[in-house]
Amino acid sequence: MNNNLAEIQELWNKALPIISKSVSQIFYDVFIANLEPISISDNKFILIAPYESCKNSINKSYKPIIEKAIMQFNPYIEGINIITPTDVDGFIDAPKSIIAEAEEIVEKEKPNSNTKDYYTSFEESYSFDNFVTGGSNKAAFVAAKTVAENPGVQHNPLFIYGGVGLGKTHIMHAIGNFIKANNAKKKIIYMTSENFTNDYIDSIKNNNSKDMNRQFRNKYRNLDVLMIDDIQFISGKPSTQEALFHLFNELYQAKKQIVFTSDCHPKEIDNIDERLTSRFQSGLTVDISSPDLETRIAILRKKAYNKKFDVSNNVINYIAECINTNIRELEGALSKVIFYCTLNNIKADNLDIVNNALKDDIDNISGPITMNTILKCVSDYFQVDQKDLIGKKKTKNIAEARQIAIYLISDLISIPLVSIGDFMGGRDHSTIIHARDKISGLISTNNKYANYIRDLTELINKKA
Ligand code: ADP
Ligand code: MG
């Protein structure tokens, strides 16, 4: 911790004119001028913002500009941290009118695309420790860890591909965090392929000499690790591809680690130079796929634990069951449930809460069949209330519809019986087995039941 306030203030005073050149007057007046430097801690320059929305607005788009300005005068600083009085104690946010104005300004004043906002410091929470592994991401995790432990030795380049929200960016930051923690001197750049393209275009714009390619490459050649996220966006940009190709060869020959991510396999990136496609595949190519139920449950447990919010197992299982698209959405759903509970001052301990908190999400979820879809179809088909299906009533038609719902869930979804029991109103697993076996027996002896199941299965598949 550096508490020499005069020194800190002096550094901030030097950085301010540079920052002011990169942001509009109004943004400067409303936000930047309100920041107060307070300390340097862990190589981070700490600034205090008067209110939450000021912090958010700056973090959203302008953080790299401020960081760059400060680093020019003190290369040991690795980034900035903006805090608000909330981080210190209870506080009141700015009046709504100021927040609205602030948001409008940020919207209008997104920095132009030429901003070179690549990172040499990494999102702390995106660590290997915080990354939950399962069959869907284990290979990528192990490869990334190997690379982080020994950059440039094995798996060069490492190419990780997979759909959105599955943890590719998280893994890159984890590599960065890990290497930095073990050897602060290593030079690492993380950037998106858009940053790379912009940087290359800038180098052309600002340089008339024929030597521009070399100048551009000189900037990167001292790196130990280069990570480019979402490399698929280099598609259809032949001169950027050419620049990357030469840079790649240079770094590779110098045994510098290169990591790429993409939303698809290298072979599936359109409009790209063959030579690059083959370079991408010359090390290790691993995919990340959608997590299975078990992994989704484990991820939710970890996130709930990190948020220090008590979420019961049946609620966790149910969210994991309903949200099967990607991890970003899974996290979002958990946040919504926690927010809903905090707002209403209730515990996250029953499925109605989840249904209420996620009512906009659950119905819209496409993809594999969920327990919720089955319950809804059975309820519509037999004209029995969903609440009664998971409730205690023993009326014949309700009890039978309930057993059919249980049979269909266990038949159509691979999910532990205990979770079905939780979902069906907290029944124990022997009840679930009994219902399943009873309906299964009826189907083979009674046409009426066989027809129910056939109709319902068709309906459910249409909905899913
Ligand atoms: P991508 O870059 O593939 O689109 P991200 O890396 O941005 O995905 O991940 C989306 C969110 O999900 C992030 O908040 C990330 O921390 C979280 N996440 C992804 N995979 C995992 C995992 N295996 N364990 C814990 N959190 C994860
Ligand atoms: Mg990403």
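Model, not experiment: these values are computed from the prediction. Sequential numbering from 1 along the given sequence is applied to the chain's residues.
- Contacts classified as salt bridge (charged side-chain N to carboxylate O under 4.0 Å, His left out) and involving residues 122-131 (residues at least two apart or in different chains) are not found.
- The minimum heavy-atom distance linking Ser193 with Phe233 is given by the pair OG-CB, 3.3 Å.
- Counting only residues at least two apart or in different chains, ring-ring contact (aromatic ring centres under 6.0 Å, His included) contacts with residues 283-313 are absent.
- A search for side chain to side chain contact (heavy atoms under 4.5 Å, CB included) contacts involving Asn34 returns Pro50, not counting sequence neighbours.
- Sequence neighbours left out, the pairs with a member in residues 248-259 that pass salt bridge (charged side-chain N to carboxylate O under 4.0 Å, His left out) are Arg217-Glu250, Arg221-Glu250.
- Applying the side chain to side chain donor-acceptor pair (under 3.5 Å) rule to Asp273 yields the partners Arg275; only residues at least two apart in sequence or on another chain are considered.
- Every residue was checked against the side chain to side chain donor-acceptor pair (under 3.5 Å) condition with Ser239, not counting sequence neighbours, and none meets it.
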Can you list, pair by pair, the side-chain donor-acceptor contacts under 3.5 Å of residues 139-152, counting residues two or more places apart and other chains?
{"unit_1": "Thr146", "atom_1": "OG1", "unit_2": "Val142", "atom_2": "O", "d": "2.8"}

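- Among pairs with a residue in residues 276-302, none fulfils salt bridge (charged side-chain N to carboxylate O under 4.0 Å, His left out), at least two apart in sequence or across chains.
- Among residues two or more places apart in sequence or in another chain, the side chain to side chain donor-acceptor pair (under 3.5 Å) test is passed with Asp229 by Thr169, Tyr190, Thr261.
- For the ring-ring contact (aromatic ring centres under 6.0 Å, His included) condition, no pair includes a residue of residues 281-303, sequence neighbours left out.
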Candidate pair Met191 and Leu226, rule side chain to side chain contact (heavy atoms under 4.5 Å, CB included), full reasoning = CA-CA 8 Å; Met191 67 201 316; Leu226 173 66; 4.1 Å; yes
Kindly list each side-chain donor-acceptor pair under 3.5 angstrom involving residues 330-344, sequence neighbours excluded, with atom names and distances?
{"unit_1": "Glu331", "atom_1": "OE2", "unit_2": "Lys303", "atom_2": "NZ", "d": "3.0"}
{"unit_1": "Ser335", "atom_1": "OG", "unit_2": "Lys307", "atom_2": "NZ", "d": "3.2"}
{"unit_1": "Ser335", "atom_1": "OG", "unit_2": "Glu331", "atom_2": "O", "d": "3.1"}
{"unit_1": "Lys336", "atom_1": "NZ", "unit_2": "Asp361", "atom_2": "OD1", "d": "2.9"}
{"unit_1": "Lys336", "atom_1": "NZ", "unit_2": "Asp361", "atom_2": "OD2", "d": "3.0"}
{"unit_1": "Thr342", "atom_1": "OG1", "unit_2": "Ile338", "atom_2": "O", "d": "2.6"}
{"unit_1": "Asn344", "atom_1": "ND2", "unit_2": "Tyr340", "atom_2": "O", "d": "2.9"}

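- Under the rule for a side chain to side chain donor-acceptor pair (under 3.5 Å), the partners of Gln9 that lie at least two apart in sequence or sit in another chain are Asn13.
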